[in-house]
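Proteins come first, then strands; the chains are lettered A, B, ... in the order of their sequence lines, and each starts at number 1.
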Amino acid sequence: MKRQPGSDLPETRQAALERSVIYRGFADAFRRPDGGCDVLDETLIPPPPPNARKAFVDAFDEAISKSACSLHEAAHSTRDQMDLFEELVRWYDHFGLRRTDTAELPDHISVQLEFMHFLTHQEYLHGDEPEAAETLRSAQREFLSRHLMPLAQSIEEKCRDDLGRYSALADQLPAYLALELERRGTD
Amino acid sequence: MTAALSRRSFLKAGALGAAGLAMPDFVARTASSLEALAATPPPEFTSFLDVYRKQWTWDKTVRGTHMINCWYQAHCAFDVYVRDGLVFREEQAAEYQQLRPELPDMNPRGCQKGCCFSHRMYEPTRLKYPIRRVGERGSGQWERVTWEEALDDIADSFLDVVTEEGTDRVIWDLGPDINIGAANAAQARFAQLTHSICLDSNSSNGDGHRGAFETFGNIYMERGIEDYFYSDVILVWGANPVYTSIPNAHFFTEARYNGTDVVVISPDYSASAIKADLWVPVKPGTDAALALTIAHLIVEGDHVDKAFVSEQTDLPLLVRQDTGAFLTEADLDGGDEESFVMVDAAGGFHIAERKTLDLDGVEPDLDATLDVTLDDGTQVAVRTVYSLLKERLATYTPEAASEMCGTAPGLIRRLADMVINARALSNVAGSSMNKYFHGNLTERAMILIWVLLGQMGKPGSGYSAFGFLANDGWEDYVSGLRIPERMAFGTELGLDLLWDLAKGESSEIFFKKMATTNFTDPGSTLPVWSSSALFWHVHGGIVDLAEDAKKWIPGLKQPVREAINSALHKNWIPLQPAPDREPRILFHYCANPIRSVRGSQKLLEVLWPKLVKTVVIDFRMTTTAQHADYVLPAAAWYETTDHKWVTPLVPYNHVTNKAVEPLGESQNDFWIITMLAKHIQKRAQERGITSIDSHLGKEIVLDNLYEDMTMDGAYSEHDVDKAAGAILEYSSNLSHVSWEEQKEKGFARYSQIGLSPLSIGNAGELKEDEPFIPLTYHTKDKQPYPTQTRRIQFYLDHPVYLEYDEYLPRFKAPPQMGGDYPLTMTGGHTRWSVHGVWQDSRHMQRLNRGQPYMVISAEDAAERGISDGDWMRCFNDVGEFTVRSKVSPAARPGATIMWHAWENYHFPGRKGPRDVSPSPLNPVELAGDHPHLKFGMLEGQPGTFDRDTRIEIERLSDEEAARL
Ligand code: SF4
């Protein structure tokens, strides 16, 4: 196990901090061809290839590439797109957040990961307050189960496996989320 | 996943160094910052149901519409509901005025496509950032680039091309969705300042209403939709409004409550036919025979409105039997060559006035046949157009026509009776007829019915052709000049225009002539236009597909290629760039030619290799985008502010307001094109390029292009709203309501038809409380028509029309385009999409079969062992494609239907109906050097045709189908 800065924090807060950073890393990595490199471990998520701007399109932009796998939950769900948007906006709104004018759509995996980044960061800040921490954990658990995990699993299933970093991203995110759910189940 | 993985396996060493919040997609709603929000305790949460407890509210609603060419149904105002920078829904804004208590109103307006556009704009097909091709064209290999990279590279190519090869090598391929608003003004201003070429797509869309043009010198004539309530017979002929005019269709059904008979004339038992009082089935492409028979019965039964035709038409004019030309004043006494002659019953000659239709008491002899002595002493036989027409019509008995068009003689008589006895007869216009090779003849024959009966210019009566109503400030914005200044800038043609004014020509004739200067005049201050049909044929190689046209088209006098070359050589038709100047850059704006142009694979084969750059501006990946070098993501219609043209049917300028920011990195068209000018200026300055001469000899200033484009900063790339407002302020027909009010309300009734060449032909007064009736300036006020004879003109004495025996309307059997095959492939606009935009919309796909299909009759299916849903190979001498069958009792045996506008990639092998449609140009439509047969805006150009395409179909075996 690697040593991380901030390890003098209580274990739960330290863990929340690390998880928050990982969510941020994944959010960045799914947002931009070269995102998340400052956070994600290169042995699991290789660095961007020289043709990252092409490979990213091939992997994830279904508007452009026929073989791409969408990063939008609506594309993986039978739910009506606008119903889904509404629920997600409600989630974000409930926790005091509003989408920026230039944001990705609310069902984009980066936005969902960013939301988890926020919830875990909040958990890090409120880790010593049992009620607040429990509220946040329960929200994370439910959000992961209802939205992020099914989306990540579907992406893993549909993403091509010959796209290096981007195939790895698609593989590793559900692996990470599984750890998260496992942990949340025992919290 | 490996068992050994732990959370920390995912973290890079040192990653926690930047452990703060980083959330580009969110802001804090309930705190001053994200950090402050995170620091506050979380809200109560026990389950996801908690997020649903708060009442949903909207941040705002704005008025919007859809800047697409939904044409005869355009447009509809919507309330657009916004929350968190997203459009969640739209709802029809039912605030249109009721013109009169007895008339139905328009509320609520909308179609199912518009009602789900909020959904459509966020579907996975939406483009969000600029992309550049990295593999072969069409290989599907793309990389994401920044706007800076894309625009710099395109600017460099532009500069290379215009400096080395000329400005006419840059082409703007303009599709049907151009809005005559600010977005399109930016494009047109760019083209005007750089003398790049704009393609008029109306010709290649097959929407040119050539027959109306030949007859009226004008295609623009459409009524207010409420006027149908005053009709007692409505002929839906060449249209399918239940599919394509969804917001308007209720007027036809409501008219029936008022006692109106609705008659649908169509090959198939269409959705509109189901709602009609009478369906008249007709073989595809043979409607002229039906129309001429009705005309014959009108004449035979002495139902002709003689006063009307004497005053308004060329029927009383005399035609020389030696040359086939009109008898002119010059023939008689050396007078005016442009003045034509009629004779009264007493044998007195009268010159048909050119400045008015008023006969001033003259009663011409419509049946006159006589000999006249010409100025040089020779004697020639002359006859009236009417007598020639009568003779021609005599052959169209119901029995004879039935052989041609397949309609039972009794039914033809019944239809003729309804038409003849109608108090007020109208038609529902569409553009189907134009898509037949002999559609011009058909339309001329149809018009004959209305004209012979004098059914024009009165409530509920009149022939409708091409609907268009636009502001008239657009040209001022594009040129940066008001009308008098634009005229002063004219060269020879400009002087010609001034001379016309001095001669007292009507404003309609004057402004239409002004529009023709765009095709030829180097001094024009508007963009240089070219016919798209001609462009694709000559530069795109479509003409290659017509090599066998002589086999398909009986009576074709010369190969189509030769006819085109000869017309170009004689300067009958203008083409820019000239045939020997290869295009180098194509900007596809609101256009998708690889999907829409008949025979479009040829373009890829012939034109694409000549191109240095092909750039698509769109919000989705069209078929053409797939073959482009750059695709620039455009804002959707709720993401920009602008306004758009309509038709007199719904004479309200419609506005869309920017409800939300464009998704991702997409930008509105105005921004994109203005920024292109900015990058060209920047790169020109960096490369030391100052100015060049255009192919027409105008100085093109490249190192100041952005300043010129923005009128020295008055309309920068961020000023689409301001530019849209300026256009309306310059308009004589829309400046009566402020831009702010129009934005607020979403629509404003036009105050008049205005002076735009795209509207002026409607020639009638638009009143606040009456449905619009077109052409009353002619029928009531006796203003001349913009034709050779200044009258509604059925006789065309142009040598080509004489050669092809089309000097008067007649029936010609449909050609067998693509070879001698048993089935005709007809088509039409679909109910579930406007062009290709909604074809893969999830909502729309759920309302139909969700994939292309060909409608075939039960009889044709049975004969070939085809069942519903089977995969079929459709083929002819030109090509083939694969599609599923839809076996329908509504289809006519021998005729199939391919609904419009599936993308090529929706078909197996990316080949569709375009690949079996050779669509040769019709030589008569290349006629020129004529007073009114000449190119104008959206009119007077050769059309393209796909409805005469002949095919055979065969069922694919199960093995073949499994391999698709
Ligand atoms: S697409 Fe056209 S007809 Fe349909 S709702 Fe929009 S504006 Fe109206």
### Task
Using non-hydrogen atoms and a 4.5 Å limit, figure out which bit of B:Asp59 sits close to chain A: side chain, backbone, both or neither.
side chain

### Task
Pull out the residues in residues 82-91 of chain B that come under 4.5 Å of chain A, heavy atom to heavy atom, sorted by number.
B:Arg83, B:Asp84, B:Gly85, B:Leu86, B:Val87, B:Phe88

#### Entry: salt_bridge(B:Asp25, A:Arg31) N-O dist < 4.0 Å
yes

### Donor-acceptor under 3.5 Å (A:His117 side chain, B:Ala22 main chain)
yes

### Message
Tell me the closest heavy-atom pair linking B:Ala38 and A:His121, and the distance in Å.
### Response
CB-CD2, 4.0 Å

### Message
With a 4.5 angstrom heavy-atom cut-off, is it the side chain or the backbone of B:Val134 that approaches chain A, or both, or neither?
### Response
side chain

### Query
Is the centre of the B:Phe26 ring less than 6.0 Å from the centre of the A:Phe118 ring?
no

#### Entry: Top contributor to chain A interface from B:Gln626, B:Arg132, B:Glu665, B:Arg29 [non-hydrogen pairs under 4.5 Å]
B:Arg29

### Task
Specify the closest pair of heavy atoms between A:Ser138 and B:Thr46, including all atoms of both residues, with the distance to one decimal.
OG-O, 4.0 Å

### Message
Suppose a student defines contact as a heavy atom less than 4.5 Å from any heavy atom of chain B. Which residues in residues 97-107 of chain A would they list?
### Response
A:Leu97, A:Arg98, A:Arg99, A:Thr100, A:Asp101, A:Ala103, A:Glu104, A:Leu105, A:Pro106

### Message
Between A:Leu125 and chain B, with a heavy-atom cut-off of 4.5 Å, which part of the residue counts as in contact: side chain, backbone, both or neither?
### Response
side chain

### Message
Evaluate A:Lys66 against B:Tyr905 for side chain to side chain contact (heavy atoms under 4.5 Å, CB included), listing each step before the verdict.
### Response
CA-CA 10 Å; A:Lys66 214 177 144 198; B:Tyr905 50 80; over 6 Å; no

### Query
If you take all heavy atoms of B:Pro124 and A:Ala63, which pair is closest and at what distance?
O-CB, 3.2 Å

### Query
Counting heavy-atom pairs under 4.5 Å to chain A, which of B:Ala625, B:Gly135, B:Gly20, B:Ala31 comes out on top?
B:Gly20

### Summary
Honestly, the part of A:Phe26 sitting under 4.5 Å from a heavy atom of chain B is side chain

### Message
Taking side chain as everything from C-beta outward and backbone as N, CA, C, O, which of these in B:Ile131 sits under 4.5 Å from a heavy atom of chain A? Side chain, backbone, both or neither.
### Response
side chain

## Note on the structure
Honestly, the part of A:Glu131 sitting under 4.5 Å from a heavy atom of chain B is neither

## Note on the structure
Output for pair (B:Met621 CE, A:Ile64 CD1), nearest 0.5 Å, gives 6.0 Å

### Task
Any chance you could measure A:Arg53, atom CZ, to B:Arg144, atom CZ, to the nearest 0.5 Å?
9.5 Å

### Contact winner vs chain A - B:Thr125, B:Val631, B:Leu37, heavy-atom pairs under 4.5 Å
B:Leu37

#### Entry: B:Leu663 versus chain A, the contacting section by heavy-atom distance below 4.5 Å
side chain

### Query
Counting distance only, does the side-chain N/O of A:Gln172 pair as donor-acceptor with the main-chain N or O of B:Phe10 below 3.5 Å?
no

### Query
Does some side-chain heavy atom of A:Phe95 sit less than 4.5 Å from a side-chain heavy atom of B:Pro43?
yes

### Approximate separation, where rounding is to 0.5 Å, of B:Ser47 OG and A:Arg141 CZ
11.5 Å

### Summary
If one checks every heavy atom of B:Arg842 against chain A at 4.5 Å, the contacting part turns out to be side chain

### Query
Are B:Phe45 and A:Trp91 close enough that their ring centres sit under 6.0 Å apart?
yes

#### Entry: Residues, nucleotides or ligands: over 12 heavy atoms within 6.0 Å of A:Lys158 NZ
yes

### Query
Can you check whether B:Trp56 reaches A:Glu86 side chain to side chain, under 4.5 Å on heavy atoms?
yes

### Query
Can you tell which of B:Arg620, B:Lys128, B:Arg53 has the highest number of heavy-atom pairs within less than 4.5 Å of chain A?
B:Lys128

### Top contributor to chain B interface from A:Asp93, A:Asp28, A:Asp80, A:Leu40 [non-hydrogen pairs under 4.5 Å]
A:Asp93

### Task
Look only at the side chain of B:Lys54 and the backbone of A:His94, and say whether a donor-acceptor pair between them is shorter than 3.5 Å.
no

### Query
Is it the backbone or the side chain of B:Val145 that comes under 4.5 Å from a heavy atom of chain A, or both, or neither?
both

### Query
Does B:Glu123 offer a backbone N or O that forms a donor-acceptor pair with the side chain of A:His72 under 3.5 Å?
no

### Message
I'd like to know which of A:His108, A:Glu62, A:Glu42, A:Arg146 tops the heavy-atom pair count under 4.5 Å against chain B.
### Response
A:Arg146

### Query
Do B:Glu143 and A:Pro33 touch side chain to side chain, with heavy atoms closer than 4.5 Å?
no

#### Entry: Contact check, side chains of B:Ser9 and A:Asp41, non-hydrogen atoms, under 4.5 Å
no

### Task
Tell me, for B:Arg126 versus chain A, whether the close heavy atoms (under 4.5 Å) come from the side chain, the backbone, both or neither.
backbone

### Task
Report yes if the side chains of A:Glu87 and B:Tyr52 come closer than 4.5 Å at any heavy-atom pair, otherwise no.
yes

### Task
Output the option from B:Pro662, B:Pro24, B:Ser118 having the highest count of non-hydrogen pairs under 4.5 Å with chain A.
B:Pro24

#### Entry: Nearest-0.5 Å distance, CD1 of residue A:Ile22 to CG of residue B:Leu11
4.0 Å

#### Entry: N/O donor-acceptor pair under 3.5 Å between A:Gln122 side chain and B:Ala39 backbone
no

### Part of A:Ala27 lying under 4.5 Å from any heavy atom of chain B
neither

### Query
Taking the side chain as C-beta and beyond, is there a heavy-atom pair between B:Leu16 and A:Glu18 under 4.5 Å?
yes

### Summary
Honestly, the part of B:Tyr129 sitting under 4.5 Å from a heavy atom of chain A is side chain

### Message
Quick check for you: to the nearest 0.5 Å, what is the distance between A:Asn51 atom CG and B:Gln141 atom CD?
### Response
9.5 Å

## Note on the structure
The reported gap from CG in B:Asp50 to CZ in A:Arg90 (rounded to nearest 0.5 angstrom) is 11.5 Å

